[in-house]
Amino acid sequence: MSHLYKSSRYEVAVYYFPQWHADPKNEAAKGKGWTEWPSLRGAKPRFPGHEQPKVPFWGEIDETDPRVSEMQIGAAADHGVTTFLYDWYWDMGGGEGPFLQRALEEGFLQATNRDRLKFALMWANHNEVSRERFEAMTDYIIANYFHHPNHFAIDGRLYFCIYECFTLVKGLGGIDQTADALQSFRRKASAAGYELHLNVMEWGLNPKHRDILGEDTNVLIRRFGVDSVTSYVWIHHIEPEEFPEASYTKLAERAANQWDVFRDQFTVPYFPNVTMGWDPSPRSDPSKPYERSEYFSPILSGNTPEAFEASLRDVKAFLDRSTLQLPMFTVYAWNEWTEGGYLEPDTVHGMGYLEAIRNVFGKE
């Protein structure tokens with residue numbers, strides 16, 4: 001197991017979904033000013049007791065406004081969140097370059113209180129990229145993000161997460177080519193004065209992609225120089241049989257058991273994940289029945305702040321008995337409203353989900 005620094009507190013790293021502002025690429029495809037707010041606003045209940053539409057307590061905010069980021073940062077830091085892991089995109093949305101980056105670049109990084117939280121990138125690489133575009137991307141990342149003093153680092157190495165290893169390998173043309181590209185990223189970062197901590201999602205190492213990744217994921221991990229593994233959301237590796245709704249507390253119990261499985265499965269540290277909720281129904285057509293598919297999976301019900309807090313206590317117990325040098329876990333999510341995963345306050349539960357984190361892990 002690789003060495004991670006000793007920490008006097010827990011690392012509470014929360015995924016941030018940045019599609020709550022107008023992006024030129026979205027506007028070109030979907031119209032002036034498009035965001036996901038109307039999808040949330042138009043959601044409807046799909047079964048008795050289904051809490052939809054969700055109504056944000058802060059309203060339909062524009063996350064490119066530094067004042068909005070200051071409010072988000074303050075609420076997060078006051079309740080024990082330590083890091084925002086920004087979902088980050090490259091060569092998506094119908095053009096080259098970064099996509100949905102304005103929340104980070106114009107909002108978070110311009111906030112007067114930005115030093116209260118750390119940040120890092122979770123590259124949501126749903127699309128294949130060539131070696132040329134990979135090199136352009138890593139140049140952009142090194143130039144635009146790595147110099148910030150509040151960039152999240154583990155043992156002095158800057159954290160960078162890759163969502164789909166299998167998509168990366170497909171785009172770059174194979175395992176050897178991908179290993180070479182990742183080494184190039186490390187060399188360029190080192191030449192600029194930075195060292196890299198490479199994290200990957202267990203979702204992107206899924207056994208169903210053996211034909212791309214090979215039979216042994218640990219061989220791939222060593223080949224790519226991966227430093228750690230984590231998860232994005234429980235539903236990626238545990239999908240309930242029930243539909244359209246399933247019990248949050250039952251899934252939470254299964255997820256807690258899975259942390260030990262992943263810890264033992266990988267030869268590098270595994271950072272567990274706690275999921276606040278899952279409900280992608282706002283992204284479905286409200287005029288049609290909610291039908292099961294690969295994406296429109298069972299909706300988790302009963303994910304109250306109290307149930308979320310119970311899962312947080314479970315992950316704290318896991319971290320306390322683990323051999324991890326850094327007691328870190330990830331949370332889905334800060335503001336994935338249209339997938340039902342959010343810590344931001346709503347009009348039903350108020351600040352309850354953030355208060356759950358503070359109750360278990362304290363505040364900054």
Side-chain angles (χ1 to χ4, degrees), residues 15-31 34-36 39 85-105 120-145 159-185 188 196 198-214 217 220 224 226 229-233 235-237 280 283 293-297 332-333 335-336 338-339 341:
Y15 295 115
Y16 186 110
F17 177 66
Q19 193 154 247
W20 310 103
H21 68 277
D23 182 279
K25 295 177 184 176
N26 272 336
E27 290 184 314
K30 301 175 182 180
W34 187 89
T35 71
E36 283 213 62
S39 297
L85 298 177
Y86 275 82
D87 294 358
W88 193 83
Y89 306 83
W90 182 261
D91 286 2
M92 286 189 68
E96 291 188 341
F99 174 52
L100 302 180
Q101 80 282 6
R102 293 180 61 215
L104 174 57
E105 295 182 5
L121 305 185
M122 195 289 291
W123 179 27
N125 62 322
H126 304 290
N127 56 316
E128 297 176 26
V129 297
S130 67
R131 177 61 181 266
E132 179 185 11
R133 296 306 301 156
F134 181 85
E135 293 293 341
M137 181 191 77
T138 53
D139 286 343
Y140 185 96
I141 290 168
I142 293 168
N144 287 276
Y145 304 124
Y159 185 97
F160 179 77
C161 177
I162 298 175
Y163 186 66
E164 291 184 357
C165 267
F166 59 90
T167 301
L168 181 66
V169 172
K170 285 174 66 178
L172 292 174
I175 289 174
D176 289 344
Q177 294 90 332
T178 304
D180 188 68
L182 291 171
Q183 281 301 313
S184 172
F185 187 13
K188 289 193 295 185
L196 195 63
L198 181 61
N199 175 274
V200 298
M201 293 284 179
E202 48 81 15
W203 155 258
L205 300 172
N206 194 298
K208 68 182 180 180
H209 301 293
R210 285 192 186 96
D211 59 326
I212 300 170
L213 302 177
T217 53
L220 193 78
F224 289 173
V226 170
V229 177
T230 191
S231 299
Y232 190 71
V233 63
I235 208 78
H236 274 169
H237 51 262
R283 290 180 177 165
S293 68
E294 184 176 2
Y295 179 67
F296 294 116
S297 45
Y332 173 87
N335 59 344
E336 190 93 50
T338 42
E339 280 187 350

Measuring only between side-chain heavy atoms, which start at C-beta, is Leu100 closer than 4.5 Å to Asn26? yes
Are side-chain heavy atoms of Glu336 and Tyr15 found at a separation under 4.5 Å? no
Once rounded to the nearest 0.5 Å, what's the spacing between atom CG of Leu196 and atom CD of Gln183? 10.0 Å
Any side-chain to backbone donor/acceptor pair from Asn335 onto Tyr16? Under 3.5 Å, distance only. no
Interatomic distance, CD1@Ile175 vs CG@Asp180, rounded to 0.5 Å, equals 13.5 Å
In short, Val169 meets Thr178 closest at the heavy-atom pair CA-OG1, 3.4 Å
Are Tyr332 and Glu339 packed together at the side-chain level, in the sense that at least one heavy-atom pair is separated by less than 4.5 angstrom? yes
Answer yes or no: is there a side-chain heavy-atom contact under 4.5 Å between Glu36 and Arg283? yes
Is there side-chain contact between Glu105 and Tyr145, with at least one heavy-atom pair below 4.5 Å? yes
Suppose we screen for ring-ring contact (aromatic ring centres under 6.0 Å, His included). Which residues come up paired with Phe166, at least two apart in sequence or across chains? His209
Interatomic distance, Ile142 atom CD1 to Met137 atom CE [nearest 0.5 angstrom]: 9.5 Å
Heavy-atom closest pair, residues Ala22 and Arg102: O-NH1, 2.5 Å
Counterpart residues, ring-ring contact (aromatic ring centres under 6.0 Å, His included), relative to Phe224 (two or more places apart): none
Aromatic plane relationship, Trp203 with His236 - under 30° parallel, 30 to 60° tilted, over 60° perpendicular: parallel
N/O donor-acceptor pair under 3.5 Å between Lys25 side chain and Asp91 backbone: no
Taking every heavy atom of Ser39 against every heavy atom of Thr338, the minimum-distance pair comes out as CB-CG2, 4.1 Å
Taking the side chain as everything from C-beta on, heavy atoms only, tell me whether Thr230 gets closer than 4.5 Å to Met201. yes
Least distance between heavy atoms, Thr167 atom then Asn125 atom: CG2-O, 3.4 Å
The side chain to side chain contact (heavy atoms under 4.5 Å, CB included) partner of Tyr163 among Trp88, Tyr89, Trp123, Tyr232 is Tyr232
Partners passing side-chain contact (heavy atoms from CB on, under 4.5 Å) against Glu135 (at least two apart in sequence or in another chain): Arg131, Thr138, Ser184, Lys188
Shortest non-hydrogen contact from Thr35 to Gln19? CB-O, 4.0 Å
Supply the atom-to-atom distance Asn199 CG to Leu121 CG, rounded to the nearest 0.5 angstrom. 12.0 Å
Between His237 and Ser231 the two heavy atoms that sit nearest each other are CE1-OG, 3.8 Å
Do Gln101 and Asn144 have a side chain donor and acceptor closer than 3.5 Å? no
Separation between CE of Met122 and CG of Leu85, rounded to the nearest 0.5 Å: 8.5 Å
Hey, mind stepping through Leu182 and Ile162 against side chain to side chain contact (heavy atoms under 4.5 Å, CB included) and telling me if it holds? CA-CA 11 Å; Leu182 291 171; Ile162 298 175; 4.0 Å; yes
So, taking the atom named CZ in Phe160 and the one named CZ in Phe185, what distance separates them when rounded to the nearest 0.5 Å? 5.0 Å
